[in-house]
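This report refers to the structure that appears directly beneath it.
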Amino acid sequence: MEGLLQLLLSGSAEKTHQRRSARDVVIHHIKTEILGHRLKPGEKLPVEDKLAETLEVGRGSVREAIKVLQSIGVVEIIRGSGTYITKGDISKALEPLLFSVTLSDLSDAQIKELRTMFEVGIFESLIGKITDEQIEALEQMIDTMRTEIVQSAELNVDSLVQQDFNFHATLGSYTGNPLVDGLYRVVLCLSVPLMKHDYSRSKDQITALHNHSLICEALRQRDGEKARQAVHTSMWHTYSIEQDAQK
């Protein structure tokens, strides 16, 4: 993160060959141009020869840098046309974040705290703008899950977890903020193991549908305090599931 801050503060690409490899000089230059809004989504990069001349590096270093930037979704190569700055698929850009966070060995309690903060903020955002039609769509999702649980002799845990994920992801999408939506999906992915445990229990022990109904009720009443209580109730159940899983 400090490296990103330095890119934002630098304002221009520095030709610091002593401290960076030729490949990294190219990567640094392109990232700095993007962060400085001098290269915009969909814009074509200068040709390989021009970049090499400008940055005083070899063409091979430019090609290597472009491959690295392509692998992390910063640029895309269109055959016969050139190399372009990607138009920003947030969900794709956040995939590396998910893996990094997963590998950081966060505790379930820390994930619970993060999710609580996200959901309280999301519901506060939605209270004043969610429509009745959107709430009805959420309630329909709950009814579909309830029907599946009641009618299934043996629960399909993966199907129910997917539906639970979709319920919350839909709430995130209703904010109308793609960054909130994308980051919330990362948080939800971190919660999948606990979701699985909930739906792996007996039918009468599953808490998610009740919690989802509390959320919809609070949103329908446009009651911010009730929405916050619904989040904390849901997270309390999640924490209880976590404790059960560790026994």
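Values below: all heavy atoms of this structure, side chains included; hydrogens, waters and symmetry mates excluded.
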Within the side chain of [X], is there an N or O that forms a donor-acceptor pair under 3.5 Å with the backbone of [Y]?
X: S61; Y: V57; result: no
X: K129; Y: T175; result: yes
X: Q110; Y: S107; result: yes
X: N211; Y: T207; result: yes
X: S234; Y: A230; result: no

Would you name the heavy atoms of [X] and [Y] that are closest together and state the gap between them?
X: C216; Y: I142; value: SG-CD1, 3.7 Å
X: I27; Y: A65; value: CG1-CB, 3.7 Å
X: S152; Y: L155; value: CB-CD2, 4.1 Å
X: T86; Y: G73; value: OG1-O, 2.8 Å
X: V157; Y: K196; value: CG1-O, 3.8 Å
X: F165; Y: L188; value: CE1-CB, 3.5 Å

* Please test R222 against D132 for salt bridge (Lys or Arg N to Asp or Glu O under 4.0 Å), starting from the C-alpha separation and ending with a verdict. => CA-CA 11 Å; R222 293 350 188 237; D132 289 340; 3.4 Å; yes
Going hydrophobic residue to hydrophobic residue with side-chain gaps under 4.5 angstrom, can you get from [X] over to [Y]?
X: Y84; Y: L51; value: no
X: L214; Y: I149; value: no
X: Y174; Y: M117; value: no
X: V150; Y: M141; value: no
X: L209; Y: M195; value: yes

Return yes if a side-chain donor-acceptor contact under 3.5 Å exists between [X] and [Y], otherwise no.
X: H168; Y: R115; value: yes
X: E148; Y: S159; value: yes
X: Q162; Y: D158; value: no
X: S202; Y: D204; value: yes

* For a side-chain contact (heavy atoms from CB on, under 4.5 Å) with I77, tell me which candidate from L45, I66, L69 qualifies. => I66
* Structure fact -> Which of T32, V74, I34, V75 passes side-chain contact (heavy atoms from CB on, under 4.5 Å) with L39? It is I34
Just verifying a value: how many Å separate [X] [atom1] and [Y] [atom2], rounded to the nearest 0.5 Å?
X: E48; Y: R59; atom1: CD; atom2: CZ; answer: 4.5 Å
X: N166; Y: T144; atom1: CG; atom2: OG1; answer: 11.0 Å
X: N177; Y: L183; atom1: CG; atom2: CG; answer: 9.0 Å
X: R38; Y: E33; atom1: CZ; atom2: CD; answer: 4.5 Å
X: Q229; Y: E225; atom1: CD; atom2: CD; answer: 4.5 Å
X: H197; Y: Q205; atom1: NE2; atom2: CD; answer: 8.5 Å

Using a 6.0 Å cut-off, check whether atom [atom1] of [X] has over 12 heavy atoms from anything other than its own residue.
X: E113; atom1: CD; result: no
X: K226; atom1: NZ; result: yes
X: K50; atom1: NZ; result: no

Sidechain N-carboxylate O distance under 4.0 Å for [X], [Y]:
X: D198; Y: K203; answer: no
X: K112; Y: D108; answer: no
X: R220; Y: E139; answer: yes
X: K40; Y: E43; answer: no
X: E76; Y: K87; answer: no

Side-chain heavy-atom pair [X], [Y] within 4.5 angstrom cut-off:
X: F123; Y: V231; result: yes
X: L138; Y: I130; result: yes
X: L219; Y: I215; result: yes

* E124 and R228: salt bridge (Lys or Arg N to Asp or Glu O under 4.0 Å), yes or no, with the steps? -> CA-CA 8 Å; E124 287 181 349; R228 283 189 290 274; 2.9 Å; yes
* To do: For K44 and T83, run side chain to side chain contact (heavy atoms under 4.5 Å, CB included): C-alpha distance rounded to whole Å, both residues' side-chain angles, the deciding distance at 0.1 Å, then the answer.
  => CA-CA 6 Å; K44 187 176 181 179; T83 302; over 6 Å; no
